[in-house]
Amino acid sequence: MNEYHRAYVGAAFVAGILVTLGVRELLYPHIERRLRGPQKTAAGQKNADAAALADESDADLLNSVRTGPPAIVDGVEGCIGNTPLFRIKSLSDATGCEILAKAEYLNGAGGSPKDRVALSMIQMAEKEGFLRPHSGDVIYEGTSGSTGISLATLARARGYLAHICMPSDQAMEKSDLLLKLGAVVDRVPPAPIVEPGNFVNRARALAQARTESAASASAGPSAASADQLTSTVATSEPGAMTGRGFFTDQFENPANWTAHYRGTGPEIFAQCNGKLDAFVAGAGTGGTISGVALFLKPRIPNISIVLADPQGSGLYNRVRYGVMFDIKEREGTRRRSQVDSIVEGIGINRVTANFEAGRELIDDAVRVTDAQALAMARWLVEKDGIFIGSSSAVNCFAAVKTALKLGPGHRIVTVLTDSGSRHLSKFWAQAGDVGGTVDTKLEDVLNAK
């Protein structure tokens, strides 16, 4: 290799070293940053999260905790009332109004607003001396189911037994539950209130017979032993009985509407901060709508009280026209089952003291067909995951009609009375399964046939 080639090779070698060093200084920091960047970002994010947590004060954290009733209450009775009020998202979005539901199915005894009524009637009877705990007294009631379940639960809690008479066309789940709660259950053929065999009349007669039998037993030569007392209470009506019978008379007993005047109404008022435009509810005994109306109307004079009424019931006409009459009750058909509807718990064709207590405060009524109630129940499962019974579906349908009548921007409160689990064999058997991917329109519900 000559001198020229040696010089060329040496120069090339030096140049290669310089280029390598230069590229390293220029590129390596960039490559290193790219390789180490994610590690630095993750660490930075962790530090940011820690800083954010540190910025939250104890007050902020405590304020995020949902408040409610006291942590410890006295018996199952303490679990009644203070139920949530929540926004039904799908119906609110579809109508432009805020439609709120009072979740009365979350009452902690019998799982319905009848918990309030049952407790009120029992407490009033105890105060007036008609019931004595652990004396063998038996509570009687004629009911389509929910009041009986509440009474059976609270009777056990307060030292009584319950005897429930109900129409035989009501869902079997209700009578099955009553039996599990230790109540005596009579399922009687549906009959108008004018007939002795009507479930309400039967309960009244049984209570009277037991009281008379107890009076005869107490007048006897010797008092019943504890064993005899237990045996007598555990059996049905025949034979002399020591415990009296008390007919709670939910349709006429003022303790019914009073329970809602003292509880449900004030709760709704407080939860809404006194700001609501309409209250919508169905009526069976009439206690809920009367009690709530009597509380809210004087405090919110412009509020609209709206009755939700199923097909076949006469209350719609009672509110609209002042006459208790339905086309299905025309001459020649009066002595029949009271209300021709799949809906249970609301609707009636006679005047009750509890409904009349607040009737003059009811401003309007919405009639709901069975098809519309079924469609609304399916809608609420499909859109909101809310599984309700028949009377709740009627209430929600009437709430939508009220919202559409009032126009966007109003606030409407209605009542969810019980879960759909009590209506599987009848109402939901007809409603059917909701299915997978569905896209029901509100117009479909409103126009259901």
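When reading the values below, keep in mind they use all heavy atoms of this one structure, side chains included, and skip hydrogens, waters and symmetry mates.
- The salt bridge (Lys or Arg N to Asp or Glu O under 4.0 Å) analysis of residues 421-432, with sequence neighbours excluded, yields the pairs Glu344-Lys426.
- Scanning for side chain to side chain contact (heavy atoms under 4.5 Å, CB included) contacts around Val319 gives Leu307, Phe355, Ile362, Ala365, with sequence neighbours left out.
- In this view, Leu85 and Leu100, Lys102, Gln271, Cys272, Val413 satisfy the side chain to side chain contact (heavy atoms under 4.5 Å, CB included) rule, not counting sequence neighbours.
- The stretch residues 292-312 participates, sequence neighbours left out, in these salt bridge (Lys or Arg N to Asp or Glu O under 4.0 Å) pairs: Lys297-Asp363.
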Test log, rule side-chain contact (heavy atoms from CB on, under 4.5 Å), inputs Ser390 and Ile346: CA-CA 9 Å; Ser390 56; Ile346 58 174; over 6 Å; no

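- Taken to the nearest 0.5 Å, the CG atom of Asp115 stands 9.5 Å off from the SG atom of Cys79.
- For residues 139-153, the set of pairs meeting the salt bridge (Lys or Arg N to Asp or Glu O under 4.0 Å) definition, not counting sequence neighbours, is empty.
- For Ser120, the side chain to side chain contact (heavy atoms under 4.5 Å, CB included) test picks out Ala255, Ala259, with sequence neighbours left out.
- Checking side-chain atoms of Asn107 against main-chain N and O of Ile80 turns up no donor-acceptor pair under 3.5 Å.
- Lys114 pairs with exactly one of Thr285, Thr143, Leu119, Ile149 by the side-chain contact (heavy atoms from CB on, under 4.5 Å) rule, that one being Thr285.
- Remark: of the listed residues Val400, Leu446, Val368, Val400 is the sole one forming a side-chain contact (heavy atoms from CB on, under 4.5 Å) with Met376.
- Residue pairs meeting the salt bridge (Lys or Arg N to Asp or Glu O under 4.0 Å) criterion with at least one partner in residues 385-394, sequence neighbours excluded, do not occur; the list is empty.
- Using a 4.5 Å heavy-atom cutoff, the side chains of Pro133 and Glu126 are in contact.
- Distance check, rounded to the nearest 0.5 Å: OH of Tyr160 to CZ of Arg132 gives 9.0 Å.
- Using a 4.5 Å heavy-atom cutoff, the side chains of Arg156 and Leu181 are not in contact.
- Between Tyr321 and Tyr316, the ring planes are perpendicular. Angles over 60° get that label, and only those under 30° would be called parallel.
- For the atom pair CD1 of Ile412 and CD1 of Ile303, the computed distance is 10.0 Å after rounding to the nearest 0.5 Å.
- Taking the six-membered ring wherever Trp is involved, the centroid distance between the rings of Phe295 and Tyr261 falls below 6.0 Å.
- Taking the six-membered ring where tryptophan is involved, the planes of Phe251 and Phe199 are perpendicular, since the angle between them exceeds 60° and thus also 30°.
- With 3.5 Å as the limit, one finds no donor-acceptor pair spanning the side chains of Thr352 and Asn354.
- A side-chain contact (heavy atoms from CB on, under 4.5 Å) with Phe279 is found for exactly one of Thr264, Ile305, Ile300, Val306, namely Ile305.
- Evaluation of the salt bridge (Lys or Arg N to Asp or Glu O under 4.0 Å) rule for Asp433 yields no partner, not counting sequence neighbours.
- Atom CZ of Arg262 has 12 or fewer neighbouring heavy atoms from other residues, nucleotides or ligands inside a 6.0 Å radius.
- A salt bridge links Asp439 to Lys383: one of the charged nitrogens lies within less than 4.0 Å of a carboxylate oxygen.
- Checking Ser90 against Asp384 by side-chain atom types alone, a donor-acceptor pair falls below 3.5 Å.
- Rounding to the nearest 0.5 angstrom, the gap separating the CE atom in Met121 from the OG1 atom in Thr147 is 6.0 Å.
- Residue Lys441 holds its NZ atom at 8.0 Å from CH2 of Trp379, rounded to the nearest 0.5 Å.
- Inter-residue side-chain proximity for Phe247 and Val200 is flagged as met; some heavy-atom pair is nearer than 4.5 Å.
- With sequence neighbours left out, the salt bridge (Lys or Arg N to Asp or Glu O under 4.0 Å) criterion links Asp176 to no other residue.
- Remark: Val76 pairs with Ala109, Leu154, Ala157 by the side chain to side chain contact (heavy atoms under 4.5 Å, CB included) rule, at least two apart or across chains.
- A donor atom on one side chain and an acceptor atom on the other are found under 3.5 Å apart for Ser392 and Thr417.
- For Arg116, the salt bridge (Lys or Arg N to Asp or Glu O under 4.0 Å) partners at least two apart in sequence or on another chain are Glu104, Glu267.
- At a threshold of 4.0 Å, the pair Arg87-Asp93 counts as salt-bridged, since one of the basic side-chain nitrogens sits closer than that to a carboxylate oxygen.
- For Glu360, the CD atom is loosely surrounded, since the number of other residues' heavy atoms within 6.0 Å does not exceed 12.
- Ser425 and Glu173 form a side-chain donor-acceptor contact under 3.5 Å, judged by distance and modelled atom types alone.
- For Arg378, the salt bridge (Lys or Arg N to Asp or Glu O under 4.0 Å) test picks out no residue, with sequence neighbours left out.
- At a threshold of 4.0 Å, the pair Asp277-Arg411 does not count as salt-bridged, since none of the basic side-chain nitrogens sits closer than that to a carboxylate oxygen.
- Listed for the Asn253 side chain is no donor-acceptor partner under 3.5 Å among the backbone atoms of Asp249.
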